[in-house]
Amino acid sequence: MAEVDNKQVIFKGYTENVPEESDMELKVSKIKLEAPKGSGAFLVKNLYLSCDPYMRGRMRDFHDSYIPPFVPGQPLEGFGVSRVIDSDNPAFKPGDLVALITGWEEYSLIHRTEQCRKIDQDEIPLSYHLGLLGMAGFTSYAGFFEVCTPKKGEFVFVSAASGAVGQLVGQLAKLHGCYVVGSAGTSQKVDLLKNKLGFDEAFNYKEEPDFNAALKRYFPQGIDIYFDNVGGDMLDAALLNMRIHGRIAVCGVVSQQSFSKPQGIFNWFNLITKRIRMQGFLQHDYLHLYPRFLEDVITNYKQGKIVYIEDMNEGLDSAPAAFVGLFSGKNVGKQVIRVAHE
């Protein structure tokens, strides 16, 4: 079979700091549009790729994490939605749509199938299988219901609330009967939180000189649940404002500028005096809940009780800038790259 061009986003080398576009480069290789016989693999055309903050951790030379680092000189990889175009695996047939871990490239040969999920096309947009119905959505669901153990009427604070995870956490909290406040980095995002996503209140953290004072203003009675996507100064301020027996789900630390010089927290003593439970988590610890998650979220989405906001970039060429933009808040909603139109 003739070879075709395969545009790729190549990882150039390890970094401890916030990613820059220069950490990646676009290259064009050649690929045969067939799965080698006897390989058990299948070949996909990538349609959508997900930009996720966790990928930053894979850009450093650190091998003791839950997921290995990227390989310099090879394409980045992450969650994607793809169509099978040739297969040597009987479980995946040409034409199948699949949500999976794939390369940042136009075509990928897939050998690992443990995280592959077939997609049944319905009225839900395909790209939502990267956000609302993908890792981000399930992170929201597992983190809120399993880690935060919410009760109706509780007071919930969500940081980075307009992002891929935060926007769904807030909506799940509202559906559960909680009072919800979110923080974001622009007036546009604050408006979205209050007028489209249904948060009770929201504020622009860049306009708040004192996070502690801001949280006291929005939560005069204190915070029962803090869903933390940023760490740093906001986490420190939240600790001061937690109620007794409050819960903090530590999902992300996007505020941290360097892995080699992370910022500590100072108000940890509140964990003792207020008997706060603070827990980090990974969504794949809760995969047994995934069928329930899909049923709940799809039902609420189809009934108009959940909305989801995407930030869609066109073309693989835009991927490095889109990924880097996550760490300065350029995205509004879930950041997705459309690699190809069908």
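Index from 1, following the sequence. As the structure is a computational prediction, the values presented were derived from the model and not from experiment.
In the hydrophobic cluster analysis, where Ile, Leu, Val, Met, Phe, Trp and Tyr join through side-chain heavy atoms closer than 4.5 angstrom, Phe144 is grouped together with Phe199. Linking Ile, Leu, Val, Met, Phe, Trp and Tyr whenever their side-chain heavy atoms come within less than 4.5 Å puts Leu76 and Val81 in one cluster. No single ILVMFWY cluster, assembled from side-chain heavy atoms under 4.5 Å apart, contains both Ile298 and Leu126. Note on Ile248: it does not cluster hydrophobically with Tyr286, by side-chain heavy-atom contacts below 4.5 Å among ILVMFWY residues. Transitive grouping of hydrophobic side chains (ILVMFWY, heavy atoms separated by less than 4.5 Å) keeps Val158 and Val181 in distinct clusters.
Contact check for Asp296 versus Leu172: no side-chain heavy atoms found under the 4.5 Å cut-off. Between Phe145 and Phe293 there is no side-chain heavy-atom pair separated by less than 4.5 Å. Inter-residue side-chain proximity for Leu289 and Phe138 is flagged as met; some heavy-atom pair is nearer than 4.5 Å. Taking the side chain as every heavy atom from C-beta outward, Ile31 and Glu105 never approach each other to under 4.5 Å. Two residues are said to be in side-chain contact when any heavy atoms from C-beta on lie closer than 4.5 Å; Asn331 and Asn313 fail this criterion. Counting heavy atoms from C-beta on, the side chains of Cys178 and Val156 come closer than 4.5 Å. Counting only heavy atoms from C-beta outward, the side chains of Leu109 and Pro36 approach each other to under 4.5 Å. With a 4.5 Å cut-off on side-chain heavy atoms, Ile119 and Val98 do not count as touching.
If you take CG on Asp88 and CD1 on Ile110, they are separated by 14.0 Å, rounding to the nearest 0.5 Å. Taken to the nearest 0.5 Å, the NZ atom of Lys12 stands 11.0 Å off from the CD atom of Glu21. Once rounded to the nearest 0.5 Å, the distance linking CG of Leu193 with CZ of Phe203 reads 10.5 Å. For the atom pair SG (Cys148) and CZ (Arg277), the distance works out to 7.5 Å, reported to the nearest 0.5 Å. Asp210 CG to Asn212 CG: the interatomic distance, rounded to the nearest 0.5 Å, is 5.5 Å. Expressed to the nearest 0.5 Å, how far CD1 of Ile10 lies from CZ of Phe70 amounts to 11.5 Å.
Exactly one of Gln283, Arg292, Glu146 qualifies for a side chain to side chain contact (heavy atoms under 4.5 Å, CB included) with Tyr141. That residue is Arg292. The only option from Tyr226, Phe157, Phe219 that meets the side chain to side chain contact (heavy atoms under 4.5 Å, CB included) definition with Met242 turns out to be Tyr226. Among Asn6, Leu47, Val44, the one residue that satisfies the side chain to side chain contact (heavy atoms under 4.5 Å, CB included) test with Glu106 is Asn6.
In this structure, the side chain of Lys274 engages the main chain of Leu240 through a donor-acceptor pair within 3.5 Å. Side-chain atoms of Arg83 never come within 3.5 Å of backbone atoms of Leu97 as a donor-acceptor pair (strictly under, hydrogens ignored). Using modelled atom types, no side-chain atom of Ser50 and backbone atom of Phe79 make a donor-acceptor pair closer than 3.5 Å. Without hydrogens or angle criteria, Asn300 side chain to Val297 main chain gives no donor-acceptor distance under 3.5 Å. Here the side chain of Ser159 pairs no donor or acceptor atom with the backbone of Asp228 at under 3.5 angstrom. In this structure a side-chain-to-backbone donor-acceptor pair under 3.5 Å is present from Arg275 to Thr273. Using modelled atom types, one side-chain atom of Ser140 and one backbone atom of Val165 make a donor-acceptor pair closer than 3.5 Å. With Lys93 contributing its side chain and Pro90 its backbone, the two residues share a donor-acceptor pair below 3.5 Å. Between the side chain of Lys196 and the backbone N or O of Ile309, no donor-acceptor pair lies under 3.5 Å. Of the possible polar contacts, one joining the His176 side chain to the Pro150 backbone as a donor-acceptor pair under 3.5 Å is found.
Nearest heavy atoms, Gly131 versus Lys334: CA-CG, 4.1 Å. Contact between Gly264 and Asp236 at its shortest, heavy atoms only, is O-OD2, 4.3 Å. Shortest non-hydrogen contact noted between Gly143 and Ala249 is O-CB, 4.3 Å. In terms of heavy-atom proximity, Ala202 sits nearest to Val190 at O-CG1, 3.8 Å. When all heavy atoms are compared, the tightest approach of Glu77 to Met55 is O-CE, 3.7 Å. Here the shortest heavy-atom pairing between Thr15 and Arg60 reads O-CB, 3.4 Å.
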Exercise for the section: Take Cys116 and Phe42 through the test side-chain contact (heavy atoms from CB on, under 4.5 Å) and record every step on the way to the result. Expected result: CA-CA 11 Å; Cys116 295; Phe42 58 95; 4.0 Å; yes
Practice task
Evaluate the side-chain contact (heavy atoms from CB on, under 4.5 Å) criterion for residues Phe266 and Leu239: first the C-alpha distance (whole Å), next the side-chain angles of each, then the deciding distance (0.1 Å), finally the verdict.
Solution key: CA-CA 9 Å; Phe266 299 94; Leu239 282 166; over 6 Å; no
Practice task
For the pair Val147 and Phe227, evaluate side-chain contact (heavy atoms from CB on, under 4.5 Å) and give the outcome as yes or no after the intermediate values.
Solution key: CA-CA 9 Å; Val147 180; Phe227 198 100; over 6 Å; no
Practice task
Could you please spell out the steps behind the ring pair (Phe, Tyr, Trp, His ring centres under 6.0 Å) verdict for Tyr308 and Tyr301?
Solution key: CA-CA 9 Å; Tyr308 202 68; Tyr301 174 77; 8.7 Å; no
Practice task
Output, in order, the C-alpha distance, side-chain angles, deciding distance and verdict of side chain to side chain donor-acceptor pair (under 3.5 Å) for Tyr54 and Asp52.
Solution key: CA-CA 6 Å; Tyr54 84 90; Asp52 295 299; 4.9 Å; no
Exercise for the section: Might you work through the side chain to side chain donor-acceptor pair (under 3.5 Å) test for Thr102 and Asn46, ending with a clear yes or no? Expected result: CA-CA 8 Å; Thr102 189; Asn46 294 315; 2.9 Å; yes
Exercise for the section: Check step by step if side chain to side chain donor-acceptor pair (under 3.5 Å) holds for Lys305 and Thr299. Expected result: CA-CA 9 Å; Lys305 296 178 181 178; Thr299 298; over 6 Å; no
Practice task
Please step through side-chain contact (heavy atoms from CB on, under 4.5 Å) for the pair Val336 and Met312, ending with a clear verdict.
Solution key: CA-CA 5 Å; Val336 179; Met312 184 74 73; 3.7 Å; yes
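The neighbour count for Gln221 CD, taken as heavy atoms of other residues, nucleotides or ligands under 6.0 Å away, is above 12. Heavy atoms from other residues, nucleotides or ligands lying under 6.0 Å from NZ of Lys27 number 12 at most.
Other members of the cluster containing Val71 do not exist, because no ILVMFWY side chain is joined to it at under 4.5 Å.
Between Lys330 and Asp311 there is no salt bridge, since none of the side-chain N atoms of the basic residue sits less than 4.0 Å from a carboxylate O of the acidic one.
Ring geometry for Tyr14 versus His63: interplanar angle over 60°, hence perpendicular rather than tilted (30 to 60°).
Phe323 and Phe327 have their aromatic ring centers within a separation under 6.0 angstrom.
Judged by the 6.0 Å and 45° rule, Arg243 forms no cation-pi pair with Phe155.
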